[in-house]
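Take a look at the structure set out below.
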Amino acid sequence: MAQIGCALRPLPGEPVCGDQIGCWRQPNGWRLALADGLGHGSAAHQAATRVMRELSAHLDLDLNTLFDHCDRALIDTRGVALAVVDIDLTASRFVQAAVGNIRTVLQQAQGTKRLSGARGIVGAGFDGLRLEQLALTAGDWLLMFSDGLPENAGFLDAVPHALHPPSDQLAAQWLEHWATVRDDASLLLYRHG
């Protein structure tokens with residue numbers, strides 16, 4: 001059974017968060033997404049919220065088509081960095097696509113894999129979108145986080161030794177400990193069961 005946890009936090013002093021997270025149950029698994037609206041404040045929040053609405057309304061689209069659609073749908077916004085992961089529970093595999101500086105990390109018993117993203121902004125054009133497909137085994141953790149958390153955050157070292165499964169509470173604890181005070185921050189945790 002999959003376990004998921006997520007948390008987000010606006011830039012201190014801002015009333016809304018420019019990062020947004022989405023999790024949708026699919027017939028064979030999950031679609032997970034994390035968006036970081038450029039900058040912070042209401043304009044970033046509007047862009048990230050709009051892309052989540054688009055993702056929710058188009059769960060049937062493959063990732064290449066989905067990113068093209070979202071790029072057109074956000075053209076009048078500030079734009080977002082975006083990562084989307086489709087997890088196939090039947091095949092124990094996932095496919096990831098990303099634009100911008102969302103970090104997606106797969107923690108497995110044999111080590112850590114950092115996935116890549118295309119250059120650009122969803123809503124202002126991007127180049128080099130590449131789908132990455134990887135196998136999952138029981139106990140693997142998939143983490144997605146915005147640049148409000150450092151790329152070498154200590155929670156990545158804690159994952160293999162985590163005493164608790166992913167939960168909103170665990171994500172919030174890690175966010176509280178590791179997030180920068182200079183930006184919005186968001187973290188999505190998934191453990192394959």
Side-chain angles (χ1 to χ4, degrees), residues 2-26 30-59 63 66-67 70 73-74 77-87 94 96-107 114-115 117 121-123 141-159 162 164-192:
Q3 296 163 322
I4 297 173
C6 57
L8 47 82
R9 188 225 60 204
L11 173 76
E14 289 285 353
V16 293
C17 186
D19 291 1
Q20 293 295 305
I21 296 170
C23 303
W24 299 273
R25 189 72 167 97
Q26 300 280 69
W30 291 91
R31 174 166 281 176
L32 308 176
L34 195 147
D36 179 355
L38 268 62
H40 53 83
S42 61
H45 176 76
Q46 289 171 344
T49 301
R50 184 184 301 179
V51 83
M52 286 301 157
R53 282 196 308 268
E54 293 297 330
L55 294 174
S56 184
H58 299 284
L59 293 173
L63 292 181
L66 181 66
F67 272 75
C70 288
L74 269 70
T77 72
R78 189 178 277 187
V80 300
L82 176 66
V84 181
V85 171
D86 281 344
I87 297 170
F94 74 92
Q96 185 255 9
V99 171
N101 57 1
I102 303 295
R103 281 81 166 182
T104 303
V105 176
L106 177 63
Q107 287 274 27
R114 295 176 184 272
L115 286 74
I121 300 166
V122 176
W141 285 64
L142 188 66
L143 301 94
M144 302 167 72
F145 54 101
S146 70
D147 63 350
L149 288 156
E151 193 156 348
N152 60 349
F155 64 83
L156 294 173
D157 299 325
V159 167
H164 302 287
S167 66
D168 293 350
Q169 181 180 6
L170 181 62
Q173 288 172 355
W174 285 354
L175 200 70
E176 177 68 25
H177 187 75
W178 292 103
T180 177
V181 296
R182 296 181 306 276
D183 201 356
D184 303 309
S186 53
L187 172 63
L188 190 154
L189 310 172
Y190 167 86
R191 186 169 73 180
H192 193 64

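What you see below is based on every heavy atom in this structure, not just the backbone, and it leaves out hydrogens, waters and symmetry mates. Index from 1, following the sequence.
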Between [Y] and [X], is there a side-chain heavy-atom distance shorter than 4.5 Å?
X      : Y      : result
Tyr190 : Gln3   : no
Val85  : Met144 : yes
Leu143 : Leu188 : no
Arg31  : Leu66  : yes
Asp184 : Ser146 : no
Trp178 : Leu187 : no
Met52  : Trp24  : yes
Leu74  : Val80  : yes

Identify the heavy atoms of [X] and [Y] that sit nearest to each other, and give their distance.
X      : Y      : value
Ala83  : Thr104 : CB-OG1, 3.9 Å
Gly100 : Ala81  : CA-CB, 4.0 Å
Trp141 : Pro165 : CH2-C, 4.2 Å
Ala44  : Arg78  : N-NH1, 4.0 Å
Ala48  : Gly18  : CB-O, 3.3 Å
Gly5   : Asp168 : CA-OD1, 3.5 Å

Could you tell me the separation between the [atom1] atom of [X] and the [atom2] atom of [Y], rounded to the nearest 0.5 Å?
X      : Y      : atom1 : atom2 : result
His45  : His40  : NE2   : NE2   : 14.5 Å
Asp183 : Arg9   : CG    : CZ    : 8.0 Å
Ile21  : Leu34  : CD1   : CG    : 5.0 Å
Gln96  : Ile102 : CD    : CD1   : 10.0 Å
Phe94  : Leu32  : CZ    : CG    : 10.0 Å
Arg103 : Asn152 : CZ    : CG    : 9.5 Å

Start with the C-alpha gap between Ser186 and Asp19, add the side-chain angles, then the distance that decides, and say whether side chain to side chain donor-acceptor pair (under 3.5 Å) holds.
CA-CA 6 Å; Ser186 53; Asp19 291 1; 3.0 Å; yes
Output, in order, the C-alpha distance, side-chain angles, deciding distance and verdict of side chain to side chain contact (heavy atoms under 4.5 Å, CB included) for Leu175 and Phe145.
CA-CA 10 Å; Leu175 200 70; Phe145 54 101; over 6 Å; no
Step through the shown structure and confirm whether more than 12 heavy atoms of other residues, nucleotides or ligands are within 6.0 Å of CD on Gln26.
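Buried by this count: over 12 neighbours within 6.0 Å.
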Take Leu115 and Val105 through the side chain to side chain contact (heavy atoms under 4.5 Å, CB included) test and state the conclusion after the steps.
CA-CA 6 Å; Leu115 286 74; Val105 176; over 6 Å; no
Verify side chain to side chain contact (heavy atoms under 4.5 Å, CB included) between Val99 and Ile121, making sure each step is shown before the conclusion.
CA-CA 6 Å; Val99 171; Ile121 300 166; 5.6 Å; no
